[in-house]
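To keep things clear, I will list the structure first and then write my remarks on it.
To find a chain, count down the sequence lines: A is the first, B the second, and so on, and within it residues start at 1.
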There are 2 protein chains.
Amino acid sequence: MSIPKLSKLEMQIMDALWTKGECSVREIHDEFPEKGRPAYTTVQTMVNRLEAKGAVERAKKIGNSLIFRATLSRTAAHRRLVDEFFSFFDGRVQPVIAHLIQSGKLTGEDIKEAQKLLKEHTEKREPR
Amino acid sequence: MSIPKLSKLEMQIMDALWTKGECSVREIHDEFPEKGRPAYTTVQTMVNRLEAKGAVERAKKIGNSLIFRATLSRTAAHRRLVDEFFSFFDGRVQPVIAHLIQSGKLTGEDIKEAQKLLKEHTEKREPR
DNA sequence: TACCTTCAACCACAGAGGTAGTAGAGAATG
DNA sequence: CATTCTCTACTACCTCTGTGGTTGAAGGTA
């Protein structure tokens, strides 16, 4: 199957797995900031659903607790999100850029960085 | 209340209103490409929900059919979407840009355009 | 061993979104 | 006027998310 769609909460859980590596539900739960932290069982439910979606798998068992591992890469999940998002704009990036600039999220630095990346990218596919 | 969150289908419906102006449910329905067009009543349901969310209002009645008008602007809805989306990335634009470049969505043209917009933007807020 | 803690597993439930059917009012037409 | 078409209004139903309670097994501890 293709890359599963992940909701916001699911992404937060994956984030814990991606940054901390293999984790128990308890560890994932603790990663949430105290303020607005969901119940332990909520995290548990989401981890189970992620497992059902194939985004996560059981790595091993320590004592009576399961340790999970992300099987879906952060990059793949992000790409999925980006594609999904841009489909709202017919795949056109320009309107999005306009909003980013107006809200001050996109700076000159970012643009410079983008140019560098683009150059690397094109050079890689069209080596002279 | 603040800007309501709109789903994909809801956005498609708003798109019809935004581009065609005031519309009846029938007209909105007809805007969908034949392939994968939802049932008339489905569109109706969504329009009602959009009305409940305050994104749309009844402009007038012609015969026995209602004509709707968007009360939420395309810009506001888009900004909402963009903010929502970037919150997945902690508000950082760079990882998104990387994906865009890798998938070929972001071209040199786009970057040039972005620079122009950014210049205009900064000049407007900090006129020398 | 008897108790306390910690998990996994399972269950429940509400809200949003997507999908659509049906009933009944009104308009249009022969 | 009677029939047919077209809309609105209402209802139903399924899936996905988010949320969290309950139960019972496993492990640790006095």
Side-chain angles (χ1 to χ4, degrees), chain A residues 1-16 22-69 77 80-81 84 87-88, chain B residues 1-16 22-69 77 80-81 84 87-88:
Chain A
M1 73 221 83
S2 62
I3 300 167
K5 185 185 172 183
L6 303 186
S7 70
K8 188 160 189 141
L9 219 209
E10 287 172 329
M11 282 293 285
Q12 286 180 270
I13 287 168
M14 293 305 288
D15 256 323
E22 304 185 353
C23 281
S24 64
V25 173
R26 169 73 38 199
E27 288 170 302
I28 296 171
H29 184 238
D30 290 343
E31 279 298 291
F32 280 84
E34 294 187 50
K35 214 185 114 53
R37 179 185 288 168
Y40 177 85
T41 45
T42 300
V43 175
Q44 213 178 14
T45 302
M46 299 314 285
V47 172
N48 287 334
R49 288 178 185 169
L50 284 169
E51 196 189 355
K53 286 185 184 184
V56 140
E57 68 181 3
R58 295 164 185 220
K60 56 192 168 191
K61 190 162 189 170
I62 295 181
N64 68 347
S65 57
L66 295 169
I67 307 299
F68 292 89
R69 172 201 302 139
R80 171 69 155 85
L81 259 186
E84 173 98 351
S87 77
F88 271 98
Chain B
M1 72 221 81
S2 63
I3 299 166
K5 184 182 172 186
L6 302 187
S7 69
K8 190 161 188 140
L9 219 210
E10 288 172 328
M11 283 292 284
Q12 287 181 269
I13 287 168
M14 292 305 289
D15 255 325
E22 304 184 352
C23 279
S24 64
V25 173
R26 170 76 36 201
E27 287 170 303
I28 296 170
H29 184 238
D30 289 345
E31 278 299 289
F32 280 83
E34 294 186 53
K35 213 184 116 52
R37 178 185 289 168
Y40 176 85
T41 46
T42 299
V43 175
Q44 212 178 13
T45 301
M46 299 315 285
V47 171
N48 287 333
R49 288 177 185 172
L50 284 169
E51 197 188 356
K53 287 186 184 183
V56 140
E57 68 181 2
R58 294 165 187 220
K60 56 191 169 190
K61 189 161 189 171
I62 295 182
N64 67 348
S65 57
L66 295 170
I67 307 300
F68 292 89
R69 172 200 304 139
R80 168 67 155 88
L81 258 185
E84 173 98 352
S87 77
F88 271 97

Practice item. Report the nucleotide, chosen from C/dG17, C/dA20, C/dT19, that has the shortest atom-to-atom distance to any side-chain atom of B/Leu9. Key: C/dT19

Point to revise | Candidates C/dA20, C/dA8, C/dA12 - which lies nearest the side chain of A/Ser65 | key: C/dA8

Euclidean distance, atom [atom1] of residue [X] to atom [atom2] of [N] [Å, nearest integer]:
X: A/Glu51; N: C/dC10; atom1: CD; atom2: P; value: 11 Å
X: B/Leu50; N: C/dG18; atom1: CG; atom2: C1'; value: 13 Å
X: A/Met46; N: C/dA9; atom1: CE; atom2: C1'; value: 17 Å
X: B/Gln44; N: C/dG21; atom1: CD; atom2: P; value: 13 Å
X: A/Ile62; N: C/dA8; atom1: CD1; atom2: P; value: 11 Å
X: B/Phe32; N: C/dG18; atom1: CZ; atom2: P; value: 10 Å

**Study point:** Residue-phosphate contact under 4.0 Å: B/Lys61 side-chain N/O, C/dA25 OP1/OP2
**Key:** no

Study note, to complete from the structure: One should read off an interatomic distance between A/Glu31 CD and A/Asp15 CG, to the nearest 0.5 angstrom, of 9.5 Å

Study note, to complete from the structure: Separation between CD (A/Gln44) and CD1 (A/Ile28), nearest 0.5 Å, reads 10.5 Å

Exercise for review: Decide yes or no on side-chain contact (heavy atoms from CB on, under 4.5 Å) for A/Phe32 and A/Leu9, but give the supporting numbers first.
Suggested key: CA-CA 10 Å; A/Phe32 280 84; A/Leu9 219 209; 3.6 Å; yes

Exercise for review: Could you tell me whether a side-chain N or O of B/His29 sits under 3.5 Å from a main-chain N or O of B/Ser24, the two making a donor and an acceptor?
Suggested key: no

Determine the contact category for [X]: base if any of its heavy atoms lies under 4.0 Å from a base atom, sugar-phosphate if only primed atoms, P, OP1 or OP2 are that close, otherwise nothing.
X: A/Tyr40; result: sugar-phosphate
X: B/Ser7; result: sugar-phosphate
X: A/Thr41; result: base
X: B/Ser24; result: nothing

Exercise for review: Can you spot which of A/Glu22, A/Glu51, A/Lys60 makes a side chain to side chain contact (heavy atoms under 4.5 Å, CB included) with A/Phe68?
Suggested key: A/Glu51

Review point. A/Ala39 or B/Asn48: which one's nearest nucleotide on DNA chain D is closer to the 5' end?
Key: B/Asn48

Review point. Quick one: on DNA chain D, does A/Val43 or A/Gly63 contact a more 5' nucleotide (nearest heavy atom)?
Key: A/Val43

**Study point:** Heavy-atom neighbours of A/Lys5 NZ exceed 12 at 6.0 Å
**Key:** no

Exercise for review: Compare all side-chain heavy atoms of A/Val43 with those of A/Ile13 and state whether any distance is below 4.5 angstrom.
Suggested key: yes

Practice item. Tell me which of A/Arg58 and A/Arg49 sits closer to the 5' end of DNA chain C, going by the nucleotide each one is nearest to. Key: A/Arg58

Exercise for review: Under 4.0 Å from any heavy atom of chain B: name the first and the last nucleotide of DNA chain D that qualifies, 5' to 3'.
Suggested key: D/dT6 to D/dA9

